[in-house]
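Read through the structure below, which is laid out as structure tokens, and then see the notes.
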Amino acid sequence: MLDLKLIRENPERVAKALRDRRQSIDIQPVLDLDTSKREKLAAVEDLKRQRNEASKAIGLVKRQGGDAGAAMARMKEVSDSIEALDNELREIDERLKALLLNIPNIPHESVPVGAGEEDNPVVRTWGEPRTFGFTPLNHWDIGEKLGIVDFDRAAKIAGARFAVMKGAGARLERALINFMLDLQTSRGYMEMLPPFMVNRDSMQGTGQLPKFEDDLFHVDDGFLLIPTAEVPVTNYHRGEILREEDLPVRYTAYTPCFRREAGSYGKDTRGLIRQHQFDKVELVKFARPDNSYEELEGLLNDAEEVLRRLALPYRVVTLCTGDLGFSAAKTYDIEVWLPGQARYREISSCSNFEDFQARRAEIRYKPAVGKGTALVHTLNGSGLAVGRTLVAVLENYQQADGTVTVPEALRQYMGGLERIA
RNA sequence: GGAGAGAUGGCCGAGUGGUCGAAGGCGGUUGACUCGAAAUCAACUGUGGGGGUGACUCCACCGGGGGUUCAAAUCCCUCUCUCUCCGCCA
């Protein structure tokens with residue numbers, strides 16, 4: 001959510017940001033509602049002041065045994081006016097909030113202006129894609145031949161976009177989770193294991209609601225399945241005031257993630273790339289506003305480190321304004337090389353949300369010097385998407401004989417196993 | 001699932017219709033005393049919003065929402081959460 005003051009005082013800046021994002025949202029209704037809200041607010045507050053004063057006087061008169069009937073009758077009318085104005089105000093507030101909740105974040109000044117994916121500049125490339133003496137297979141062929149991934153039975157027991165991991169495949173998934181958690185906790189992140197279902201307030205806090213209801217799985221009893229650990233972990237501090245000396249607060253969490261993938265029919269229908277349920281190790285930071293962009297670079301580096309340790313070639317791109325997610329001010333995507341597709345595919349997304357989520361979720365900190373409180377900046381990134389990392393391992397480490405070499409870094413998590421055969 | 005109890009400021013805890021934004025204590029900040037510290041004493045110490053260049057001022061907030069009343073932390077309804085006992089369960 002944007003600061004209403006910012007929209008009021010810099011409407012041009014907000015309008016430009018929306019244009020850069022290729023969004024056709026008109027902010028004029030927001031400005032109009034804001035104006036009429038403040039007019040009515042001044043009027044009703046004045047009436048309330050009158051009522052407060054009169055009520056005190058009435059109390060005084062009654063305690064002295066006097067008759068305050070006339071004043072009470074007068075105040076009854078004032079109270080009726082207040083009720084009417086309050087109702088109008090409530091309606092305006094609801095409309096205003098509905099509009100504000102659907103306005104995306106303003107891109108950071110360093111974000112390149114562009115229309116879509118094709119305009120995302122590459123920041124850096126790491127590692128050399130391996131040359132194969134044979135035609136590299138897709139991960140689903142590798143997995144099915146080795147008997148470590150089963151899509152058919154997953155479709156039977158659940159449906160499309162599910163997979164059953166088996167034997168060394170299940171072990172590999174678990175090894176990756178443990179490897180990532182061990183790595184990130186050693187780099188200063190506190191491990192967390194949060195609920196996999198949350199309430200609507202949490203979804204609104206991080207920006208999934210109200211706009212992206214269709215992307216979420218709903219559970220009976222009103223819970224929603226998390227599409228990312230970002231939701232429970234960021235909302236962990238919802239409504240709280242953090243101490244400046246504790247910043248930046250860093251958490252890492254493994255969770256499964258659940259996404260309906262509505263609107264992505266026909267995309268990545270085969271394989272593990274796009275599933276309704278997938279594992280992810282997430283990184284979340286709460287930072288001071290003045291250094292949150294340094295924290296973003298650090299978080300990105302922490303995510304990249306996973307791929308470097310696994311010796312998987314990757315590149316980093318900056319999302320341009322047209323490709324930026326709703327809540328993000330700036331996002332780097334890490335894309336891993338997939339020999340089976342002969343291209344780079346997203347494996348992590350690292351974002352600074354500035355105070356956009358913090359304002360929705362009311363996450364603040366108390367500066368060590370000076371008065372008052374300020375909103376923190378929230379950041380998060382995948383460190384990494386486990387399923388896609390498993391895909392990258394299978395495809396990059398496949399051998400001519402159909403076996404897959406286990407990356408050095410994972411062997412201690414696989415009971416010393418060197419090769420999946 | 002059944003029965004009961006509760007939710008008040010950073011923390012503990014008073015307050016059952018009127019000068020209560022809320023006693024008291026703890027914690028914190030500042031000052032006095034001290035060579036310094038402790039102890040003691042004093043003052044200050046919540047959040048959000050509106051108006052004003054400003055000193056400042058007004059409004060709201062006692063778990064969330066709604067209601068009764070001239071007036072609600074206090075009365076009523078409802079939701080959420082916590083605790084105790086019983087049942088069930090991994």
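Below, chains carry the letters A, B, ... as their sequence lines are ordered, and counting in each starts from 1.
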### Message
Can you tell me if A:R364 touches the phosphate of B:G48, counting only side-chain N or O atoms and a distance under 4.0 Å to OP1 or OP2?
### Response
yes
### Query
Among all residues two or more places apart in sequence or in another chain, which pass the side-chain hydrogen bond (donor to acceptor under 3.5 Å, both in side chains) test with A:T389?
none
### Query
Please give, in whole Å, the distance from B:U80 P to A:R200 CZ?
15 Å
### Query
Could you spell out the base pairing of RNA chain B in dot-bracket, with Watson-Crick or G-U pairs whose two distances are under 3.5 Å, [ ] crossing and | to another strand?
((((((((.[[[..)..(.....]]]((((((.......))))))((((((....)))))).[[[[[..)....]]]]])))))))....
### Query
Can you list every side-chain hydrogen bond (donor to acceptor under 3.5 Å, both in side chains) pair that touches residues 96-112 of chain A, not counting sequence neighbours?
A:H108-A:S110, A:S110-A:K330
### Partners passing side-chain contact (heavy atoms from CB on, under 4.5 Å) against A:A42 (at least two apart in sequence or in another chain)
none
### Message
For a quick test of reading the model: is some side-chain N or O of A:K366 closer than 4.0 Å to OP1 or OP2 of B:U47?
### Response
yes
### Residue-phosphate contact under 4.0 Å: A:N52 side-chain N/O, B:C59 OP1/OP2
yes
### C1'-based separation of B:A39 from B:C33 [nearest Å]
11 Å
### Message
Distance check needed: B:U57 P versus A:E53 CD, whole Å only.
### Response
14 Å
### Query
With rounding to whole Å, what would you report as the distance between B:U53 and B:G65 at their P atoms?
33 Å
#### Entry: Nearest-nucleotide pick for A:L60, side chain only, options being B:C58, B:U19, B:U47
B:U19
### Query
Is the CZ atom of A:F217 crowded by more than 12 outside heavy atoms at less than 6.0 Å?
yes
### Message
I'd like the P distance from B:A60 over to B:G64, given in whole Å.
### Response
16 Å
### Query
In residues 35-47 of chain A, which residues come under 4.0 Å of RNA chain B by heavy atom?
A:R38, A:L41, A:E45
## Note on the structure
side-chain hydrogen bond (donor to acceptor under 3.5 Å, both in side chains) filter on A:Q341, not counting sequence neighbours, yields A:R345
### Message
Going by the rule ring pair (Phe, Tyr, Trp, His ring centres under 6.0 Å), which residues pair with A:F286 if we only count those two or more places apart in sequence or in a different chain?
### Response
A:H237
## Note on the structure
Sequence neighbours excluded, the answer for side-chain hydrogen bond (donor to acceptor under 3.5 Å, both in side chains) partners of A:K56 is none
#### Entry: Between B:G49 (P) and A:L96 (CG): distance, integer Å
13 Å
### Query
Given the rule in the side chain to side chain donor-acceptor pair (under 3.5 Å) test, do A:E213 and A:H218 qualify, once you have shown the distances and angles that lead to the verdict?
CA-CA 9 Å; A:E213 180 108 43; A:H218 296 60; 2.6 Å; yes
### C1'-based separation of B:G49 from B:U34 [nearest Å]
46 Å
### Residues that A:R161 engages under side-chain contact (heavy atoms from CB on, under 4.5 Å), provided they are two or more places apart
A:E261, A:S264, A:T269, A:R274, A:H276
### B:A42 versus B:U80 - spacing of their P atoms, nearest Å
48 Å
### Full working for ring-ring contact (aromatic ring centres under 6.0 Å, His included) between A:F196 and A:F258
CA-CA 9 Å; A:F196 303 159; A:F258 303 92; 7.3 Å; no
### Task
Could you check how far CZ of A:R74 sits from P of B:A71, rounded to whole Å?
14 Å
### Residue met sooner reading RNA chain B from 5', once A:K5 and A:K56 are mapped to nucleotides
A:K56
### Query
Nearest-Å distance, CD (A:E245) to P (B:U29)?
11 Å
### Message
Can you check the distance between B:G21 and B:C79, where both ends of the measurement are the C1' atom (answer in whole Å)?
### Response
26 Å
### Task
Could you measure between the two P atoms, the one in B:U74 and the one in B:G66, and give it in whole Å?
14 Å
### Task
Any pair with a residue in residues 171-194 of chain A that passes salt bridge (charged side-chain N to carboxylate O under 4.0 Å, His left out), sequence neighbours left out, goes on the list, sorted by first then second residue, please.
A:R187-A:D302
### Whole angstrom value for the distance that separates C1' of B:G28 from CD of A:E244
16 Å
### Message
Starting the side chain at C-beta, find the nucleotide from B:U47, B:A60, B:G50 nearest to A:R8.
### Response
B:G50
For nucleotides 64-70 of chain B, list the nitrogen or oxygen atoms of the protein found under 3.5 Å from its nitrogen or oxygen atoms, one pair per line.
| residue | atom | partner | partner atom | Å |
| --- | --- | --- | --- | --- |
| B:C70 | O4' | A:M72 | O | 3.2 |
| B:C70 | O3' | A:S79 | OG | 3.1 |

### Partner set under side-chain contact (heavy atoms from CB on, under 4.5 Å) for A:E418, not counting sequence neighbours
A:R411
### Message
Would you say A:Y293 and A:E354 are linked by a side-chain donor-acceptor pair, where the criterion is simply a distance under 3.5 Å?
### Response
yes
#### Entry: Distance between C1' atoms of B:U68 and B:G17 (Å, rounded)
12 Å
### Task
Measure from CD1 on A:I241 to P on B:G9 and round the result to the nearest Å.
12 Å
### Task
Send over the distance from A:L242 CG to B:G10 C1', rounded to a whole Å.
13 Å
